[in-house]
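Structure record follows, encoded as C-alpha coordinates.
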Amino acid sequence: FSMLKIFKDLFQSLQINEIQFCNWKGHHTVEKHLRGDGDLDLFVPLSFKDQFEEISNEAGFRRVISFQASHEFIEHYYGFDEASFKFAHIHVYFKLVTGEHVSKNYILPLEKYLMENQEGEKLLPLINEKAKRSIFLIRYFLKIGSVYGIIQYFREKNKYSFEWESFQKIDGYEDIPELNLSGEELEYFEQIYESLNPIKQILTSINLKKNLKRFRRKTYIDLLIFESKNLIQRLINKYFTKKKKILDPGLVVAVCGLDGSGKSSIVEALRKNFSENFSVKIYHLGRPRSNFLTLLINPLIFIYSLFKRFRKKKEGQFSKNKRISLVYAIRSVLLAYDRKIESQRAYRLGKKGYLVICDRYPGLITGKMDCPRIYEDPKRGSLYKFCYRLEKSLYMSIRPADVIMHLSVPLEEAIRRNNKREKFGKETEAELRERYNVNSGVKFLAEDYHHIDATVPFREVLLVTTSLIWNFKMK
(Lines give C-alpha, C1' and ligand atoms only; values in the text may rest on other atoms or scores of the structure.)
Protein backbone atom coordinates (compact mmCIF):
# COMPACT_ATOMS: atom_id res chain seq x y z
CA PHE A 1 0.00 0.00 0.00
CA SER A 2 1.02 3.60 -0.59
CA MET A 3 0.91 5.35 2.81
CA LEU A 4 1.92 8.47 4.72
CA LYS A 5 5.42 8.40 6.15
CA ILE A 6 4.11 8.67 9.70
CA PHE A 7 2.11 5.43 9.20
CA LYS A 8 5.14 3.67 7.73
CA ASP A 9 7.34 4.72 10.65
CA LEU A 10 4.74 3.55 13.17
CA PHE A 11 4.14 0.14 11.58
CA GLN A 12 7.87 -0.52 11.25
CA SER A 13 8.44 0.33 14.91
CA LEU A 14 5.55 -1.89 16.00
CA GLN A 15 6.94 -4.83 14.05
CA ILE A 16 10.50 -4.29 15.27
CA ASN A 17 9.19 -4.36 18.83
CA GLU A 18 7.03 -7.45 18.05
CA ILE A 19 3.73 -5.69 18.86
CA GLN A 20 0.77 -7.61 17.46
CA PHE A 21 -1.67 -5.53 15.40
CA CYS A 22 -3.80 -5.72 12.27
CA ASN A 23 -6.45 -3.91 10.27
CA TRP A 24 -9.69 -5.66 11.20
CA LYS A 25 -12.49 -3.71 9.47
CA GLY A 26 -13.09 -1.00 6.89
CA HIS A 27 -11.02 -3.05 4.43
CA HIS A 28 -12.36 -1.40 1.28
CA THR A 29 -11.05 2.03 2.34
CA VAL A 30 -7.67 1.03 3.79
CA GLU A 31 -5.66 2.63 0.98
CA LYS A 32 -7.61 5.86 1.29
CA HIS A 33 -7.07 5.95 5.06
CA LEU A 34 -3.36 5.24 4.71
CA ARG A 35 -3.13 8.36 2.53
CA GLY A 36 -4.56 10.42 5.41
CA ASP A 37 -8.25 10.52 4.43
CA GLY A 38 -10.43 9.08 7.19
CA ASP A 39 -9.59 6.87 10.16
CA LEU A 40 -7.74 3.56 9.96
CA ASP A 41 -9.19 0.79 12.17
CA LEU A 42 -6.54 -1.24 13.98
CA PHE A 43 -6.79 -4.06 16.48
CA VAL A 44 -4.05 -4.27 19.12
CA PRO A 45 -4.39 -6.86 21.92
CA LEU A 46 -4.93 -5.22 25.29
CA SER A 47 -1.74 -6.78 26.67
CA PHE A 48 0.25 -4.59 24.24
CA LYS A 49 -1.54 -1.32 25.01
CA ASP A 50 1.17 0.34 27.09
CA GLN A 51 3.87 -0.57 24.59
CA PHE A 52 1.70 0.60 21.69
CA GLU A 53 1.10 3.98 23.31
CA GLU A 54 4.81 4.48 23.99
CA ILE A 55 5.82 3.55 20.44
CA SER A 56 3.02 5.55 18.79
CA ASN A 57 3.97 8.60 20.86
CA GLU A 58 7.59 8.30 19.71
CA ALA A 59 6.33 8.06 16.11
CA GLY A 60 4.44 11.35 16.46
CA PHE A 61 0.95 10.17 17.42
CA ARG A 62 -0.97 11.47 20.40
CA ARG A 63 -4.15 10.18 21.99
CA VAL A 64 -7.25 12.35 21.70
CA ILE A 65 -10.72 11.95 23.15
CA SER A 66 -13.98 11.67 21.26
CA PHE A 67 -16.43 13.96 23.01
CA GLN A 68 -19.52 12.23 21.60
CA ALA A 69 -18.57 8.55 21.49
CA SER A 70 -16.07 7.45 24.11
CA HIS A 71 -15.90 3.70 24.77
CA GLU A 72 -13.73 1.56 27.00
CA PHE A 73 -11.00 -0.30 25.06
CA ILE A 74 -11.31 2.06 22.05
CA GLU A 75 -8.94 4.99 21.56
CA HIS A 76 -8.30 7.63 18.90
CA TYR A 77 -4.73 8.56 17.95
CA TYR A 78 -3.70 11.36 15.61
CA GLY A 79 -0.32 12.11 14.09
CA PHE A 80 0.85 15.04 11.96
CA ASP A 81 2.57 13.95 8.75
CA GLU A 82 4.88 16.82 7.80
CA ALA A 83 5.59 15.59 4.27
CA SER A 84 1.91 15.64 3.23
CA PHE A 85 0.72 18.31 5.69
CA LYS A 86 -2.06 15.91 6.79
CA PHE A 87 -3.27 14.55 10.09
CA ALA A 88 -3.24 10.75 10.22
CA HIS A 89 -6.03 9.18 12.31
CA ILE A 90 -5.94 5.71 13.85
CA HIS A 91 -8.97 4.19 15.55
CA VAL A 92 -7.46 1.55 17.85
CA TYR A 93 -9.45 -1.31 19.39
CA PHE A 94 -7.73 -3.03 22.31
CA LYS A 95 -10.65 -5.44 22.51
CA LEU A 96 -13.16 -6.37 19.79
CA VAL A 97 -15.87 -3.87 20.78
CA THR A 98 -18.75 -3.78 18.31
CA GLY A 99 -22.52 -3.45 17.98
CA GLU A 100 -24.75 -0.52 17.09
CA HIS A 101 -22.91 2.60 16.00
CA VAL A 102 -23.34 4.55 19.24
CA SER A 103 -23.63 1.90 21.96
CA LYS A 104 -21.14 -0.75 20.74
CA ASN A 105 -22.65 -3.06 23.32
CA TYR A 106 -20.66 -6.24 22.63
CA ILE A 107 -17.09 -7.28 23.43
CA LEU A 108 -16.26 -10.38 21.39
CA PRO A 109 -13.39 -12.69 22.46
CA LEU A 110 -11.85 -12.86 18.99
CA GLU A 111 -8.28 -11.71 19.71
CA LYS A 112 -6.78 -15.14 19.00
CA TYR A 113 -9.02 -15.57 15.95
CA LEU A 114 -7.75 -12.35 14.38
CA MET A 115 -4.10 -13.12 15.06
CA GLU A 116 -4.43 -16.63 13.59
CA ASN A 117 -6.18 -15.43 10.44
CA GLN A 118 -3.69 -12.87 9.17
CA GLU A 119 -2.32 -13.18 5.66
CA GLY A 120 1.06 -12.41 4.11
CA GLU A 121 4.04 -10.49 5.43
CA LYS A 122 2.96 -6.87 5.06
CA LEU A 123 3.85 -3.62 6.75
CA LEU A 124 0.18 -3.34 7.74
CA PRO A 125 -1.04 -6.86 8.63
CA LEU A 126 -4.45 -7.77 7.17
CA ILE A 127 -6.81 -10.61 7.96
CA ASN A 128 -7.65 -13.21 5.28
CA GLU A 129 -10.79 -13.23 3.14
CA LYS A 130 -12.71 -15.75 5.27
CA ALA A 131 -12.08 -13.72 8.41
CA LYS A 132 -13.01 -10.47 6.63
CA ARG A 133 -16.37 -11.85 5.53
CA SER A 134 -17.07 -13.55 8.87
CA ILE A 135 -16.31 -10.46 10.93
CA PHE A 136 -18.34 -8.30 8.54
CA LEU A 137 -21.45 -10.51 8.85
CA ILE A 138 -21.21 -10.68 12.65
CA ARG A 139 -20.78 -6.92 12.93
CA TYR A 140 -23.59 -6.27 10.45
CA PHE A 141 -26.19 -8.38 12.25
CA LEU A 142 -25.20 -6.97 15.64
CA LYS A 143 -25.72 -3.44 14.32
CA ILE A 144 -29.25 -3.84 13.00
CA GLY A 145 -32.23 -5.37 14.80
CA SER A 146 -33.41 -2.28 16.70
CA VAL A 147 -35.01 1.01 15.71
CA TYR A 148 -31.77 2.89 16.31
CA GLY A 149 -29.80 0.23 14.43
CA ILE A 150 -32.13 0.39 11.43
CA ILE A 151 -31.79 4.19 11.28
CA GLN A 152 -28.00 3.83 11.32
CA TYR A 153 -28.20 1.12 8.65
CA PHE A 154 -29.97 3.43 6.19
CA ARG A 155 -27.41 6.16 6.93
CA GLU A 156 -24.51 3.80 6.14
CA LYS A 157 -26.13 1.44 3.65
CA ASN A 158 -23.74 2.30 0.82
CA LYS A 159 -20.70 1.83 3.06
CA TYR A 160 -21.80 -1.73 3.90
CA SER A 161 -22.42 -2.51 0.23
CA PHE A 162 -19.04 -1.18 -0.92
CA GLU A 163 -17.18 -3.15 1.75
CA TRP A 164 -19.03 -6.39 0.97
CA GLU A 165 -18.42 -6.03 -2.74
CA SER A 166 -14.71 -5.52 -2.14
CA PHE A 167 -14.35 -9.03 -0.69
CA GLN A 168 -13.15 -11.93 -2.80
CA LYS A 169 -15.20 -15.10 -3.15
CA ILE A 170 -14.41 -17.95 -0.75
CA ASP A 171 -15.13 -21.67 -0.82
CA GLY A 172 -16.88 -21.75 2.55
CA TYR A 173 -16.75 -20.55 6.14
CA GLU A 174 -14.98 -22.00 9.14
CA ASP A 175 -16.35 -22.45 12.64
CA ILE A 176 -15.72 -19.74 15.23
CA PRO A 177 -15.82 -21.72 18.49
CA GLU A 178 -15.20 -18.60 20.64
CA LEU A 179 -18.72 -17.44 19.67
CA ASN A 180 -20.19 -20.90 19.25
CA LEU A 181 -20.84 -20.10 15.57
CA SER A 182 -20.56 -22.82 12.93
CA GLY A 183 -19.49 -22.38 9.33
CA GLU A 184 -23.03 -23.33 8.28
CA GLU A 185 -24.51 -20.50 10.35
CA LEU A 186 -22.13 -18.00 8.77
CA GLU A 187 -23.11 -19.32 5.34
CA TYR A 188 -26.75 -18.72 6.31
CA PHE A 189 -25.90 -15.16 7.44
CA GLU A 190 -24.43 -14.53 3.99
CA GLN A 191 -27.56 -15.77 2.26
CA ILE A 192 -29.76 -13.54 4.44
CA TYR A 193 -27.51 -10.52 3.88
CA GLU A 194 -27.55 -10.97 0.10
CA SER A 195 -31.31 -11.58 0.04
CA LEU A 196 -31.87 -7.90 0.97
CA ASN A 197 -35.01 -9.02 2.81
CA PRO A 198 -35.35 -6.56 5.74
CA ILE A 199 -37.69 -8.81 7.77
CA LYS A 200 -35.35 -11.81 7.56
CA GLN A 201 -32.36 -9.62 8.35
CA ILE A 202 -33.97 -8.14 11.46
CA LEU A 203 -35.05 -11.59 12.70
CA THR A 204 -31.55 -12.93 12.10
CA SER A 205 -30.11 -9.98 14.00
CA ILE A 206 -32.41 -10.56 16.98
CA ASN A 207 -31.48 -14.23 17.06
CA LEU A 208 -27.73 -13.54 16.89
CA LYS A 209 -27.97 -10.96 19.67
CA LYS A 210 -29.79 -13.50 21.79
CA ASN A 211 -27.08 -16.11 21.19
CA LEU A 212 -24.31 -13.61 22.01
CA LYS A 213 -26.10 -12.20 25.04
CA ARG A 214 -23.26 -13.26 27.36
CA PHE A 215 -20.91 -10.82 25.59
CA ARG A 216 -23.08 -7.75 26.18
CA ARG A 217 -21.62 -4.84 28.13
CA LYS A 218 -24.95 -3.36 29.25
CA THR A 219 -28.35 -4.75 30.12
CA TYR A 220 -31.36 -3.71 28.04
CA ILE A 221 -32.38 -1.01 30.56
CA ASP A 222 -28.84 0.33 30.93
CA LEU A 223 -28.54 0.43 27.15
CA LEU A 224 -31.73 2.49 26.79
CA ILE A 225 -30.49 4.97 29.40
CA PHE A 226 -27.10 5.22 27.68
CA GLU A 227 -28.60 5.78 24.23
CA SER A 228 -31.03 8.42 25.55
CA LYS A 229 -28.23 10.35 27.26
CA ASN A 230 -26.01 10.04 24.23
CA LEU A 231 -28.75 11.33 21.91
CA ILE A 232 -29.27 14.39 24.11
CA GLN A 233 -25.52 14.97 24.27
CA ARG A 234 -25.19 14.75 20.48
CA LEU A 235 -28.06 17.18 19.90
CA ILE A 236 -26.58 19.70 22.35
CA ASN A 237 -23.20 19.35 20.70
CA LYS A 238 -24.57 19.64 17.18
CA TYR A 239 -26.53 22.83 17.77
CA PHE A 240 -24.71 24.50 20.68
CA THR A 241 -21.28 23.38 21.95
CA LYS A 242 -20.06 21.97 18.59
CA LYS A 243 -17.08 20.16 20.09
CA LYS A 244 -14.85 17.94 18.01
CA LYS A 245 -12.05 15.67 19.24
CA ILE A 246 -10.34 17.07 22.34
CA LEU A 247 -6.67 16.79 23.22
CA ASP A 248 -5.37 14.91 26.24
CA PRO A 249 -4.12 17.17 27.72
CA GLY A 250 -5.25 20.43 26.14
CA LEU A 251 -2.78 23.12 25.17
CA VAL A 252 -2.46 26.92 25.27
CA VAL A 253 -0.17 28.29 22.56
CA ALA A 254 0.47 31.82 21.34
CA VAL A 255 1.74 33.38 18.14
CA CYS A 256 3.60 36.61 18.82
CA GLY A 257 5.64 39.09 16.84
CA LEU A 258 5.88 42.71 15.86
CA ASP A 259 3.75 44.37 13.19
CA GLY A 260 4.15 42.82 9.74
CA SER A 261 5.46 39.47 11.00
CA GLY A 262 2.35 37.66 9.79
CA LYS A 263 1.12 36.47 13.19
CA SER A 264 -2.61 37.02 12.53
CA SER A 265 -2.40 35.15 9.23
CA ILE A 266 -0.64 32.22 10.92
CA VAL A 267 -3.20 32.18 13.74
CA GLU A 268 -6.04 31.95 11.21
CA ALA A 269 -4.28 29.22 9.20
CA LEU A 270 -3.62 27.19 12.37
CA ARG A 271 -7.25 27.57 13.41
CA LYS A 272 -8.43 26.35 10.02
CA ASN A 273 -6.09 23.34 9.93
CA PHE A 274 -6.58 22.12 13.49
CA SER A 275 -10.33 22.79 13.71
CA GLU A 276 -11.04 20.24 10.97
CA ASN A 277 -10.41 17.53 13.59
CA PHE A 278 -10.06 19.13 17.01
CA SER A 279 -11.79 21.57 19.33
CA VAL A 280 -10.02 24.91 18.83
CA LYS A 281 -10.56 28.32 20.41
CA ILE A 282 -8.92 31.63 19.46
CA TYR A 283 -8.17 34.36 22.00
CA HIS A 284 -6.73 37.81 21.33
CA LEU A 285 -4.44 38.65 24.23
CA GLY A 286 -3.08 41.77 22.51
CA ARG A 287 -6.51 43.36 22.37
CA PRO A 288 -8.57 41.28 24.81
CA ARG A 289 -12.31 41.52 25.20
CA SER A 290 -13.66 43.79 27.91
CA ASN A 291 -15.04 41.98 30.93
CA PHE A 292 -17.82 42.96 33.31
CA LEU A 293 -15.67 45.42 35.30
CA THR A 294 -14.11 47.16 32.31
CA LEU A 295 -16.96 47.07 29.80
CA LEU A 296 -18.22 50.61 30.44
CA ILE A 297 -14.88 52.32 30.97
CA ASN A 298 -12.84 50.86 28.09
CA PRO A 299 -14.80 52.45 25.18
CA LEU A 300 -14.40 55.95 26.64
CA ILE A 301 -10.68 55.58 27.20
CA PHE A 302 -10.29 53.98 23.75
CA ILE A 303 -11.90 56.99 22.04
CA TYR A 304 -9.67 59.34 24.03
CA SER A 305 -6.55 57.34 23.12
CA LEU A 306 -7.54 57.12 19.46
CA PHE A 307 -7.97 60.90 19.33
CA LYS A 308 -4.53 61.43 20.84
CA ARG A 309 -2.95 58.95 18.44
CA PHE A 310 -4.37 60.64 15.33
CA ARG A 311 -3.31 64.04 16.66
CA LYS A 312 0.23 62.81 17.16
CA LYS A 313 0.23 61.25 13.70
CA LYS A 314 -0.92 64.51 12.18
CA GLU A 315 1.71 66.51 14.01
CA GLY A 316 4.42 63.91 13.45
CA GLN A 317 5.16 63.72 17.19
CA PHE A 318 6.31 60.49 18.74
CA SER A 319 7.51 61.26 22.24
CA LYS A 320 10.07 59.02 23.89
CA ASN A 321 9.33 60.52 27.30
CA LYS A 322 8.57 57.79 29.84
CA ARG A 323 6.35 60.12 31.86
CA ILE A 324 2.77 59.05 31.17
CA SER A 325 -0.56 60.62 32.06
CA LEU A 326 -2.78 59.34 34.85
CA VAL A 327 -5.49 58.50 32.28
CA TYR A 328 -2.96 56.36 30.40
CA ALA A 329 -1.98 54.65 33.65
CA ILE A 330 -5.60 53.80 34.46
CA ARG A 331 -6.13 52.49 30.92
CA SER A 332 -3.01 50.35 31.31
CA VAL A 333 -4.35 48.78 34.50
CA LEU A 334 -7.67 48.00 32.81
CA LEU A 335 -5.83 46.42 29.88
CA ALA A 336 -3.71 44.33 32.25
CA TYR A 337 -6.86 43.14 34.01
CA ASP A 338 -8.56 42.24 30.71
CA ARG A 339 -5.45 40.28 29.64
CA LYS A 340 -5.39 38.39 32.92
CA ILE A 341 -9.08 37.46 32.65
CA GLU A 342 -8.64 36.41 29.00
CA SER A 343 -5.64 34.25 29.85
CA GLN A 344 -7.69 32.57 32.60
CA ARG A 345 -10.43 31.82 30.08
CA ALA A 346 -7.82 30.33 27.76
CA TYR A 347 -6.44 28.01 30.44
CA ARG A 348 -9.87 26.88 31.57
CA LEU A 349 -10.58 25.71 28.02
CA GLY A 350 -7.11 24.19 27.79
CA LYS A 351 -7.89 22.08 30.85
CA LYS A 352 -11.01 20.85 29.07
CA GLY A 353 -8.94 19.53 26.17
CA TYR A 354 -9.14 22.45 23.75
CA LEU A 355 -6.28 23.67 21.63
CA VAL A 356 -6.28 27.36 22.55
CA ILE A 357 -4.42 29.58 20.08
CA CYS A 358 -3.67 33.10 21.28
CA ASP A 359 -2.99 36.00 18.95
CA ARG A 360 -0.21 37.68 21.01
CA TYR A 361 0.55 37.05 24.68
CA PRO A 362 1.71 39.23 27.60
CA GLY A 363 5.31 39.73 28.67
CA LEU A 364 6.97 41.39 31.69
CA ILE A 365 9.43 43.94 30.24
CA THR A 366 7.97 47.37 31.03
CA GLY A 367 7.30 49.59 28.05
CA LYS A 368 7.43 46.89 25.40
CA MET A 369 4.68 45.30 23.31
CA ASP A 370 1.97 43.53 25.36
CA CYS A 371 3.91 44.20 28.57
CA PRO A 372 3.37 46.52 31.55
CA ARG A 373 3.17 50.17 30.48
CA ILE A 374 3.54 52.06 33.75
CA TYR A 375 7.07 52.99 34.73
CA GLU A 376 8.04 53.26 38.38
CA ASP A 377 8.27 56.91 39.36
CA PRO A 378 8.65 57.79 43.08
CA LYS A 379 7.90 61.46 42.32
CA ARG A 380 4.33 60.76 41.16
CA GLY A 381 1.21 60.82 43.31
CA SER A 382 -0.30 57.97 45.32
CA LEU A 383 -2.91 57.05 42.64
CA TYR A 384 -0.19 56.69 40.01
CA LYS A 385 1.92 54.53 42.35
CA PHE A 386 -1.11 52.39 43.12
CA CYS A 387 -1.69 51.87 39.37
CA TYR A 388 1.97 50.93 38.94
CA ARG A 389 1.83 48.29 41.67
CA LEU A 390 -1.54 46.91 40.56
CA GLU A 391 -0.51 46.61 36.90
CA LYS A 392 2.74 44.89 37.82
CA SER A 393 0.89 42.46 40.10
CA LEU A 394 -1.64 41.62 37.38
CA TYR A 395 1.04 40.81 34.80
CA MET A 396 3.03 38.75 37.32
CA SER A 397 -0.08 36.65 38.02
CA ILE A 398 -0.67 35.72 34.36
CA ARG A 399 0.17 32.08 33.74
CA PRO A 400 2.75 31.52 30.95
CA ALA A 401 1.55 29.97 27.69
CA ASP A 402 2.58 26.37 27.10
CA VAL A 403 4.23 27.37 23.83
CA ILE A 404 5.20 30.75 22.39
CA MET A 405 6.03 31.00 18.67
CA HIS A 406 7.71 34.36 18.17
CA LEU A 407 7.69 35.36 14.50
CA SER A 408 10.42 37.72 13.34
CA VAL A 409 11.02 39.70 10.15
CA PRO A 410 13.45 42.57 9.43
CA LEU A 411 12.07 46.09 9.72
CA GLU A 412 12.20 46.80 5.99
CA GLU A 413 10.24 43.60 5.25
CA ALA A 414 7.63 44.59 7.85
CA ILE A 415 7.27 48.01 6.20
CA ARG A 416 6.89 46.39 2.78
CA ARG A 417 4.17 44.06 4.06
CA ASN A 418 2.40 46.86 5.92
CA ASN A 419 2.24 48.98 2.76
CA LYS A 420 0.32 46.15 1.04
CA ARG A 421 -2.24 45.80 3.85
CA GLU A 422 -5.69 47.29 3.50
CA LYS A 423 -6.61 48.21 7.04
CA PHE A 424 -8.28 51.26 8.57
CA GLY A 425 -5.92 53.21 10.79
CA LYS A 426 -2.93 51.03 9.99
CA GLU A 427 0.48 52.07 11.26
CA THR A 428 2.58 54.59 9.33
CA GLU A 429 6.18 53.84 8.40
CA ALA A 430 7.36 56.20 11.15
CA GLU A 431 5.22 54.37 13.72
CA LEU A 432 6.58 51.01 12.60
CA ARG A 433 10.15 52.22 12.91
CA GLU A 434 9.47 53.58 16.39
CA ARG A 435 7.78 50.32 17.47
CA TYR A 436 10.65 48.20 16.20
CA ASN A 437 13.09 50.39 18.09
CA VAL A 438 11.06 50.35 21.32
CA ASN A 439 10.23 46.62 21.20
CA SER A 440 13.70 45.33 20.40
CA GLY A 441 14.44 42.41 22.73
CA VAL A 442 10.84 41.88 23.81
CA LYS A 443 9.98 38.46 25.23
CA PHE A 444 6.65 36.99 26.25
CA LEU A 445 5.52 34.61 29.02
CA ALA A 446 5.97 30.97 28.04
CA GLU A 447 7.04 27.55 29.28
CA ASP A 448 8.50 26.72 25.85
CA TYR A 449 9.81 29.55 23.65
CA HIS A 450 10.61 29.42 19.93
CA HIS A 451 11.93 32.16 17.64
CA ILE A 452 10.76 31.59 14.05
CA ASP A 453 12.08 33.24 10.90
CA ALA A 454 8.94 34.56 9.18
CA THR A 455 10.74 35.74 6.04
CA VAL A 456 10.51 32.25 4.53
CA PRO A 457 7.42 31.26 2.47
CA PHE A 458 4.17 31.23 4.43
CA ARG A 459 3.68 27.47 4.07
CA GLU A 460 7.07 26.83 5.70
CA VAL A 461 6.16 29.03 8.67
CA LEU A 462 2.83 27.22 8.97
CA LEU A 463 4.58 23.84 8.86
CA VAL A 464 7.02 24.83 11.60
CA THR A 465 4.30 26.23 13.88
CA THR A 466 2.00 23.24 13.32
CA SER A 467 4.80 20.80 14.12
CA LEU A 468 5.79 22.70 17.26
CA ILE A 469 2.23 22.59 18.55
CA TRP A 470 1.68 18.95 17.73
CA ASN A 471 5.01 17.67 19.04
CA PHE A 472 5.01 19.69 22.25
CA LYS A 473 5.46 17.45 25.27
CA MET A 474 3.86 18.60 28.51
CA LYS A 475 6.38 18.85 31.36
Side-chain angles (χ1 to χ4, degrees), residues 1-4 6-8 10-11 14 21-44 66 69 71 74-79 81 84 86-93 96-102 104 106 108 110-111 113-144 149-174 176 186-187 189-196 198 201 204-205 208 277:
F1 292 128
S2 172
M3 64 180 72
L4 300 182
I6 195 169
F7 278 133
K8 185 177 181 180
L10 173 64
F11 299 156
L14 291 174
F21 70 102
C22 68
N23 169 241
W24 75 285
K25 67 186 184 80
H27 310 287
H28 65 303
T29 51
V30 167
E31 292 188 52
K32 175 184 174 184
H33 296 160
L34 289 173
R35 292 194 298 268
D37 300 318
D39 57 300
L40 180 70
D41 293 299
L42 289 187
F43 170 72
V44 177
S66 174
H71 297 283
I74 303 176
E75 303 288 359
H76 295 267
Y77 298 87
Y78 277 81
D81 186 74
S84 64
K86 287 184 175 182
F87 282 100
H89 179 192
I90 304 178
H91 204 189
V92 183
Y93 292 72
L96 262 293
V97 182
T98 189
E100 294 175 7
H101 178 69
V102 171
K104 295 189 183 297
Y106 295 84
L108 305 181
L110 296 177
E111 294 87 348
Y113 175 82
L114 288 180
M115 293 302 108
E116 290 179 348
N117 282 277
Q118 293 183 19
E119 61 177 7
E121 297 291 330
K122 297 181 179 179
L123 197 56
L124 172 60
L126 306 173
I127 56 178
N128 60 39
E129 291 300 320
K130 287 185 179 180
K132 287 179 183 179
R133 295 172 80 96
S134 298
I135 293 293
F136 174 90
L137 290 169
I138 294 167
R139 289 179 54 241
Y140 177 81
F141 284 109
L142 286 178
K143 282 179 177 289
I144 65 173
I150 293 171
I151 293 172
Q152 284 298 128
Y153 164 75
F154 282 108
R155 286 183 59 187
E156 301 182 339
K157 183 178 179 181
N158 290 336
K159 186 178 79 171
Y160 293 126
S161 299
F162 290 146
E163 183 167 5
W164 181 256
E165 291 168 3
S166 72
F167 298 149
Q168 298 176 16
K169 293 291 184 180
I170 59 175
D171 55 7
Y173 290 89
E174 296 178 354
I176 304 180
L186 290 167
E187 186 78 41
F189 289 168
E190 179 178 318
Q191 293 173 8
I192 297 299
Y193 174 79
E194 293 188 333
S195 73
L196 302 179
Q201 289 191 2
T204 301
S205 172
L208 177 62
N277 298 293

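A quick note: this is a predicted structure, and the numbers were derived from the prediction, not measured.
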Measuring from atom [atom1] of [X] to atom [atom2] of [Y], what distance do you get when rounded to the nearest 0.5 angstrom?
X: L10; Y: I6; atom1: CG; atom2: CD1; value: 8.0 Å
X: S134; Y: R139; atom1: OG; atom2: CZ; value: 13.0 Å
X: Y93; Y: T98; atom1: OH; atom2: OG1; value: 7.0 Å
X: K25; Y: L40; atom1: NZ; atom2: CG; value: 10.0 Å

I would like to know whether I144 and T204 meet side chain to side chain contact (heavy atoms under 4.5 Å, CB included); could you show each step before the answer?
-> CA-CA 9 Å; I144 65 173; T204 301; over 6 Å; no
Report the residues that fulfil salt bridge (Lys or Arg N to Asp or Glu O under 4.0 Å) with [X], sequence neighbours left out, ordered by chain and then residue number.
X: K32; result: none
X: E100; result: K209
X: D81; result: none
X: E119; result: none

Would you mind listing every salt bridge (Lys or Arg N to Asp or Glu O under 4.0 Å) that reaches into residues 125-136, with sequence neighbours excluded?
-> E129-K132, K130-D171, K130-E174, R133-E190
For [X], ring pair (Phe, Tyr, Trp, His ring centres under 6.0 Å) partners two or more places apart:
X: F21; value: F11
X: H71; value: none
X: F189; value: F141
X: H76; value: H89, H91

Can you confirm whether [X] sits close enough to [Y] that some side-chain heavy atom of one is under 4.5 Å from a side-chain heavy atom of the other?
X: I127; Y: Y113; result: no
X: F7; Y: H33; result: no
X: L137; Y: Y173; result: yes

Of all residues at least two apart in sequence or in a different chain, which pass the side-chain hydrogen bond (donor to acceptor under 3.5 Å, both in side chains) check with N277?
-> none
Within a reach of under 6.0 Å around NZ of K8, are more than 12 heavy atoms found that belong to other residues, nucleotides or ligands?
-> no
Kindly determine whether D37 and T29 satisfy side chain to side chain contact (heavy atoms under 4.5 Å, CB included), including the steps that lead there.
-> CA-CA 9 Å; D37 300 318; T29 51; over 6 Å; no
Could you tabulate the donor-acceptor pairs under 3.5 Å formed by side-chain atoms of residues 157-165, not counting sequence neighbours?
| unit_1 | atom_1 | unit_2 | atom_2 | d |
| --- | --- | --- | --- | --- |
| S161 | OG | K157 | O | 3.2 |
| E163 | OE2 | G26 | N | 3.2 |
| W164 | NE1 | E194 | OE2 | 3.1 |

Who passes side-chain contact (heavy atoms from CB on, under 4.5 Å) against Q118, sequence neighbours left out?
-> C22, M115, P125
